[in-house]
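What you see is a predicted model, and the numbers here were worked out from it, not measured in a lab.
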Amino acid sequence: MQMPGEVTITEVCPRDGFQSLPNSIDSIDKIKIINDIIDCGYKQIEVTSFVHPKAIPQLRDAEEVVTQISRKNNVKLRALVPNLRGLERAINAGVDKVKLMLSATDSHSLSNANCKTVEAMDGFVPLVERAEDSQVAVSGSISVAFGCPYEGLVPVDRLLMICEKYLELGINDLSLADTTGMGNPFQVQKVIGALRREFPEMRFSMHLHNTRGMAFANAVAGLEVGVTDFDSSVAGLGGCPYAPNASGNIASEDLIHGFEEMGIKTGIDLDKVISVARSLEQQHKPYTNSFLLKAGKNSDLHIKPKGQEKLG
Ligand code: ZN
């Protein structure tokens, strides 16, 4: 089987992780954490979401955070935007890319955006036009693409329809989100295989939650059908305020370690990521979810039991 030699991982803890915590992190602490994340070697970071402060008070300091972190030229900053007002704020703050928020199913869309999926997409037209006048790139997303907590399995035809509409809007960068961790590897291969066959011009990325322990298997399934862009969250911090019982994203350290063990390069300093994860674990223990923080790396060899020193 042909596997890619390298992948790109986008760190989403500052958005998905911070918004899922019951209490807001102080802006000054967020800025420090994001600066530490930038220092790990990521090429892209999802820094925040420009939603209404009343909807997600944990991210009400979006402008302050984006403008005060220590940016590097080769590290792109992406932010979520729900509407034109959010886009305007994102442009003013100076992000590189925005991600539009959309749900695969009408039920999730109604609870999230107060309108059905296709209506939400119609609402993207003025956003795409506004972004074209700016320097900001636009990407799309499909939440609950691999299973909806209200409707269950999402038909492939529905995802094909949404994908086609995104291309009509001029968007060719699309994140497929397993928001509540309902996907499985065969499904990932079937769904993304079909999408890539139908729309080879679209660049698909995967946003995986580890709610049922399937996220790494799903990432490998994605690799096998040509996906090389993945989101993850340091310490596995994350959730979805609109999805009941959604637990954290796949932990960045678990994803990076797993890929590197497979010989797939991430370009990210795993030890630095683990160090950021450890400090997050100390502060927010009940909300973190990371195998590596418990077990360590494969290369962290244990001292052999007494009497076996000569076994080599
Ligand atoms: Zn998420």
Engineer: Do the side-chain N and O atoms of E151 and S107 include a donor-acceptor pair separated by under 3.5 angstrom?
Structural biologist: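 The answer is yes; a qualifying pair exists.
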Engineer: Within the supplied structure, the quantity of interest is the number of heavy atoms (other residues, nucleotides, ligands) at a distance under 6.0 Å from F291 CZ; does it exceed 12?
Structural biologist: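 Open: at most 12 neighbouring heavy atoms sit under 6.0 Å from CZ of F291.
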Engineer: What's the shortest heavy-atom distance between T117 and L102, and which atoms?
Structural biologist: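 Of all heavy-atom pairs spanning T117 and L102, the closest is O-CD1, 3.5 Å.
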Engineer: Can K30 and D26 be counted as an ion pair, charged N to O under 4.0 angstrom?
Structural biologist: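 Here K30 does not pair with D26 in a salt bridge, since their nearest N and O are not under 4.0 Å apart.
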Engineer: Taking atom OH as the centre, does Y287 end up with more than 12 heavy-atom neighbours from other residues, nucleotides or ligands that are less than 6.0 angstrom away?
Structural biologist: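 Result for OH/Y287: open.
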Engineer: Is a donor on one side and an acceptor on the other found under 3.5 Å between the side chain of H52 and the backbone of K54?
Structural biologist: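 Judged by distance alone, yes, a pair lies under 3.5 Å.
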Engineer: Do D96 and V136 have side chains that get closer than 4.5 Å, going by heavy atoms?
Structural biologist: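 D96 vs V136: side chains apart.
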Engineer: With heavy-atom distances below 4.5 Å as the criterion, would you say the side chains of F146 and M182 are in contact?
Structural biologist: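 Answer no - side chains too far apart.
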Engineer: Is there a side-chain contact between S139 and L100 (heavy atoms, below 4.5 Å)?
Structural biologist: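 No - every pair of side-chain heavy atoms lies 4.5 Å or more apart.
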Engineer: Can you tell me if R158 and T105 form a side-chain donor-acceptor pair at under 3.5 Å?
Structural biologist: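 Per modelled atom types, R158 and T105 side chains form no pair under 3.5 Å.
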Engineer: Check the surroundings of atom CD in Q135: do more than 12 heavy atoms from other residues, nucleotides or ligands lie under 6.0 Å from it?
Structural biologist: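 Counting neighbours around CD of Q135, 12 or fewer heavy atoms of other residues, nucleotides or ligands fall under 6.0 Å, so no.
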Engineer: Within a strict 4.5 Å, meaning less than it, do heavy atoms of the V81 and K99 side chains meet?
Structural biologist: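 Contact flag for V81/K99 side chains = no.
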Engineer: Could you tell me whether R78 and D231 have a side-chain N and a carboxylate O separated by less than 4.0 Å?
Structural biologist: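 Yes, charged N to carboxylate O under 4.0 Å.
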Engineer: Tell me whether the count of non-hydrogen atoms from other residues, nucleotides or ligands lying under 6.0 Å of CG in L84 goes above 12.
Structural biologist: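 Correct, the count exceeds 12.
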Engineer: What's the shortest heavy-atom distance between A104 and I142, and which atoms?
Structural biologist: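 Residues A104 and I142, closest heavy atoms: CB-CG2, 3.5 Å.
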Engineer: Output all residues satisfying side chain to side chain contact (heavy atoms under 4.5 Å, CB included) with V227, sequence neighbours left out; order by chain, then residue number.
Structural biologist: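 Partners of V227 under the side chain to side chain contact (heavy atoms under 4.5 Å, CB included) test: I192, M206, F230.
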Engineer: Can the ring centres of F216 and F259 be said to be less than 6.0 Å apart?
Structural biologist: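 Between F259 and F216, which both carry aromatic rings, the centre distance is below 6.0 Å.
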Engineer: Is there a side-chain contact between I45 and T10, using heavy atoms and a 4.5 Å cut-off?
Structural biologist: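 SC-SC contact between I45 and T10 ruled out.
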Engineer: Is E119 reaching over with its side chain to a backbone N or O of K116, donor-acceptor style, under 3.5 angstrom?
Structural biologist: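 Such a contact is found between E119 side chain and K116 backbone.
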Engineer: V128 and L169: which non-hydrogen atoms are nearest, and at how many Å?
Structural biologist: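 Heavy atoms only, the tightest pair is CG1-O, 3.4 Å.
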Engineer: One thing to verify: whether R203 and D229 come together as a salt bridge, which I'm taking to mean a side-chain N less than 4.0 angstrom from a carboxylate O.
Structural biologist: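 Yes, charged N to carboxylate O under 4.0 Å.
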Engineer: May I ask you to decide if G236's main-chain N or O and N289's side chain share a donor-acceptor pair within less than 3.5 Å?
Structural biologist: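 Pair absent, no side-chain N/O of N289 close to backbone of G236.
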Engineer: Report yes or no: does R60 contribute a side-chain atom to a donor-acceptor pair with the main-chain N or O of S24 at less than 3.5 Å?
Structural biologist: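 No: the side chain of R60 does not pair with the backbone of S24.
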Engineer: Give a yes or no on whether the backbone of C13 and the side-chain of E11 come within a donor-acceptor separation of less than 3.5 Å.
Structural biologist: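 Yes, E11 side chain to C13 backbone: donor-acceptor pair under 3.5 Å.
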Engineer: Hydrogens and angles aside, do S233 and N249 bring a side-chain donor and acceptor to less than 3.5 Å of each other?
Structural biologist: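 No, N249 and S233 have no side-chain donor paired with an acceptor closer than 3.5 Å.
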Engineer: Compute whether any side-chain donor of one residue and acceptor of the other, for E6 and T266, lie under 3.5 angstrom apart.
Structural biologist: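 Side chains of E6 and T266: no pair found under 3.5 Å.
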Engineer: One thing to verify: whether R212 and D178 come together as a salt bridge, which I'm taking to mean a side-chain N less than 4.0 angstrom from a carboxylate O.
Structural biologist: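 Looking at R212 together with D178, the answer is no, because their closest N to O distance does not fall below 4.0 Å.
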Engineer: Do N114 and L110 have side-chain heavy atoms sitting under 4.5 Å apart?
Structural biologist: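 SC-SC contact between N114 and L110 ruled out.
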Engineer: With distance as the sole criterion, is a donor-acceptor pair present between the side chains of E261 and N298 under 3.5 Å?
Structural biologist: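 Side-chain D/A pair, E261 to N298: present.
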Engineer: Is the backbone N or O of C40 less than 3.5 Å from a side-chain atom of D269, with the two atoms forming a donor-acceptor pair by type?
Structural biologist: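 No: the side chain of D269 does not pair with the backbone of C40.
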Engineer: Taking all non-hydrogen atoms of both residues, which atom of C163 and which atom of L195 are closest, and how far apart?
Structural biologist: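 Reported closest heavy-atom pair: CB-CD2, 4.1 Å.
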Engineer: When you check the side-chain N and O atoms of S232 and S252, is any donor under 3.5 Å from an acceptor?
Structural biologist: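 A donor-acceptor contact under 3.5 Å links the two side chains.
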Engineer: Mind listing the closest non-hydrogen atom pair of F186 and N184 along with its distance?
Structural biologist: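 It is N-OD1, 3.1 Å.
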Engineer: Who passes side chain to side chain contact (heavy atoms under 4.5 Å, CB included) against K297, sequence neighbours left out?
Structural biologist: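 Applying side chain to side chain contact (heavy atoms under 4.5 Å, CB included) to K297 gives H257, L270, D271, I274, L292, S299, D300.
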Engineer: Aromatic rings H108 and Y150: how do their planes relate, parallel, tilted or perpendicular, breaks at 30° and 60°?
Structural biologist: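 Because their plane-to-plane angle lies in the 30° to 60° range, the rings of H108 and Y150 count as tilted.
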Engineer: For D16 and H207, does a side-chain donor sit closer than 3.5 Å to a side-chain acceptor?
Structural biologist: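 Yes, side-chain donor-acceptor contact under 3.5 Å.
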Engineer: Nearest 0.5 Å, please: how far is CE in M121 from CD1 in I171?
Structural biologist: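 Going from the CD1 atom of I171 to the CE atom of M121 covers 7.0 Å.
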Engineer: Any chance you could measure I256, atom CD1, to I264, atom CD1, to the nearest 0.5 Å?
Structural biologist: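 So the gap between those two atoms works out to 13.0 Å.
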Engineer: Classify the side-chain pair E253/S290 by whether it contains a donor and acceptor separated by less than 3.5 Å.
Structural biologist: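 Per modelled atom types, E253 and S290 side chains form a pair under 3.5 Å.
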Engineer: Answer whether the closest heavy-atom distance between the side chains of T48 and F18 falls below 4.5 Å.
Structural biologist: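 A side-chain contact is absent here, since even the closest heavy-atom pair is not under 4.5 Å.
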Engineer: Do NZ/NE/NH1/NH2 and the carboxylate oxygens of D254 and K294 come within less than 4.0 Å?
Structural biologist: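 No, this pair does not count.
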Engineer: So which atom in G183 and which in N218 form the shortest heavy-atom distance, rounded to 0.1 Å?
Structural biologist: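 What the structure gives for the nearest pair is O-ND2, 3.2 Å.
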Engineer: Which residue in the set N83, V98, V66, I91 passes side-chain contact (heavy atoms from CB on, under 4.5 Å) when paired with F50?
Structural biologist: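 One option only clears the test, and that one is V66.
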Engineer: Any Lys/Arg nitrogen of E46 or R15 sitting under 4.0 Å from an Asp/Glu carboxylate oxygen of the other?
Structural biologist: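 The answer is yes: the pair qualifies as a salt bridge.
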Engineer: Do the charged groups of K97 and D173 touch, with an N to O distance under 4.0 Å?
Structural biologist: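 Yes, charged N to carboxylate O under 4.0 Å.
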Engineer: Please check this pair: side chain of D61 against backbone of E64, looking for a donor-acceptor N/O pair closer than 3.5 Å.
Structural biologist: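 Side chain of D61 to backbone of E64: no pair is present.
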Engineer: Would you check, one step at a time, whether the test side-chain contact (heavy atoms from CB on, under 4.5 Å) holds for I268 with K43?
Structural biologist: CA-CA 9 Å; I268 298 165; K43 299 279 183 301; over 6 Å; no
Engineer: Got a second to check how far N172's CG is from L167's CG, nearest 0.5 Å?
Structural biologist: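 Here the rounded value is 7.0 Å.
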Engineer: Would you confirm whether T179, through its side chain, and V144, through its main-chain N or O, come within 3.5 Å as a donor-acceptor pair?
Structural biologist: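 Judged by distance alone, yes, a pair lies under 3.5 Å.
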